[in-house]
**Student:** 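The structure under discussion is supplied below as C-alpha cells; questions concerning it will follow.
Side-chain atoms are counted along with the backbone in the values below, which use heavy atoms only and exclude waters and symmetry mates. Protein chains get the first letters and strands the later ones, always in sequence-line order, with residue 1 at the start of each.
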Amino acid sequence: EADIYQTPRYLVIGTGKKITLECSQTMGHDKMYWYQQDPGMELHLIHYSYGVNSTEKGDLSSESTVSRIRTEHFPLTLESARPSHTSQYLCASSEYRKTDQETQYFGPGTRLLVL
Amino acid sequence: ILNVEQSPQSLHVQEGDSTNFTCSFPSSNFYALHWYRWETAKSPEALFVMTLNGDEKKKGRISATLNTKEGYSYLYIKGSQPEDSATYLCAFPTSYGKLTFGQGTILTVHP
C-alpha cells in the first residue's frame, strides 16, 4: 500500500497569491516527482528529485519551484499564482534503482483554480 | 519530444464485454513500458511494468502484451465490470525513471 499524501486536495485562490502544495511520503523513497495535468491532456513532468538537496526541472517548463530538504517531503511553490496555473498537480515517488522499471506511487493530486 | 500515443481516447462498453486498447511508443532505446489505472478521485495505480519483447502480464481480468520491435502494447480487459471504469495510462521511461505519459484511454463500463 502506497503512502503518499498531498494537501490541499482542492484550492481556489486569487491571482497574485503565493501558494505551496504539500507532498509527503512515508516509504523512504529517494526519488520524487511533480506532474501537471491540464484537462484532457497528458500528465507532464515539471519537477523531480533524486534525493535530499537534489531538484531538477522536468520536461514541461513551469514557473513553480520545489525544494527537498527532507527525504519524505517535496513541496511545490508558486510565488504569484495566475489563472494559467489552473491545473491538477500530482506528486509521485519511487525507489532509486538504476533501471527504468521502478513503479511510481502517486498521491491523490491537488486541483488548483486561480481566479 | 517523445511521443507516447494511446487509442482510442475513450471507450464505452457494456458490462461483460471484453475490450482492449493500444499504447504506441518509440521502438528505439526501449527500457520499459508502464501501465497505470486512474480511477476518478483516486491516485493513479500501477498495473504492470513490461520489459521484454513478447512479455505478457496478467492481473485478474486485466492483461497486457508488449511488442518492442514495432513499438506497441495492448491492454485487455476480459468481462468488463463497472468497477473497471477508469482512465488507463501508459508511460515510457526516458531516463533515470522519468516517465512520459500518453493521454490515456477513458473506459466507461455501463451496467
**Student:** Are B:Phe48 and A:Thr103 side-chain neighbours, meaning at least one heavy-atom pair lies under 4.5 Å?
**Tutor:** no
**Student:** Restricting to non-hydrogen atoms, name the atom on B:His34 and the atom on A:Glu102 that form the minimum distance, rounded to 0.1 Å.
**Tutor:** CE1-O, 3.3 Å
**Student:** Cluster question for you: counting only ILVMFWY and a side-chain heavy-atom cut-off of under 4.5 Å, with indirect links fine, are B:Trp35 and B:Ile62 together?
**Tutor:** yes
**Student:** Any chance NZ of B:Lys42 has more than 12 other-residue heavy atoms, nucleotides or ligands included, within less than 6.0 Å?
**Tutor:** no
**Student:** What part of A:Arg111 gets within 4.5 angstrom of chain B, counting heavy atoms only: side chain, backbone, both, or neither?
**Tutor:** neither
**Student:** Among the clusters formed by ILVMFWY side chains lying less than 4.5 Å apart, do B:Tyr72 and B:Val4 turn up in the same one?
**Tutor:** no
**Student:** Quick check: under 4.5 Å, non-hydrogen atoms only, which of residues 80-91 of chain A neighbour chain B?
**Tutor:** A:Gln88, A:Leu90
**Student:** Under 4.5 Å, heavy atom to heavy atom: which of residues 39-46 of chain A reach chain B? Give them by number, or say none.
**Tutor:** A:Gly40, A:Met41, A:Glu42, A:Leu43, A:Leu45
**Student:** Is it the case that over 12 heavy atoms from other parts of the model lie below 6.0 angstrom from the CD atom of B:Gln9?
**Tutor:** no
**Student:** Can you tell me which portion of B:Leu89 sits under 4.5 Å from chain A's heavy atoms? Options are side chain, backbone, both or neither.
**Tutor:** side chain
**Student:** So if you build clusters from Ile, Leu, Val, Met, Phe, Trp, Tyr with side-chain heavy-atom gaps below 4.5 Å, do B:Tyr76 and B:Val109 land together?
**Tutor:** no
**Student:** How about NZ on B:Lys57, more than 12 heavy atoms from neighbouring residues, nucleotides or ligands closer than 6.0 Å, or not?
**Tutor:** yes
**Student:** Give the cluster check for B:Leu99 versus A:Tyr50: same hydrophobic cluster or not, with ILVMFWY residues linked at side-chain heavy-atom distances below 4.5 Å.
**Tutor:** yes
**Student:** Run through A:Phe106, A:Tyr105, A:Tyr35 and flag the one making a side-chain contact (heavy atoms from CB on, under 4.5 Å) with B:Pro44.
**Tutor:** A:Phe106
**Student:** Does a sphere of radius 6.0 Å around CG in A:Leu115 hold more than 12 heavy atoms from other residues, nucleotides or ligands, not counting ones at 6.0 Å or beyond?
**Tutor:** yes
**Student:** Quick one: what part of A:Gln104 sits under 4.5 Å from any heavy atom of chain B, side chain, backbone, both or neither?
**Tutor:** both
**Student:** Is there a path of hydrophobic side-chain contacts, each under 4.5 Å between heavy atoms of I, L, V, M, F, W or Y residues, that connects B:Leu75 with B:Ile106?
**Tutor:** no
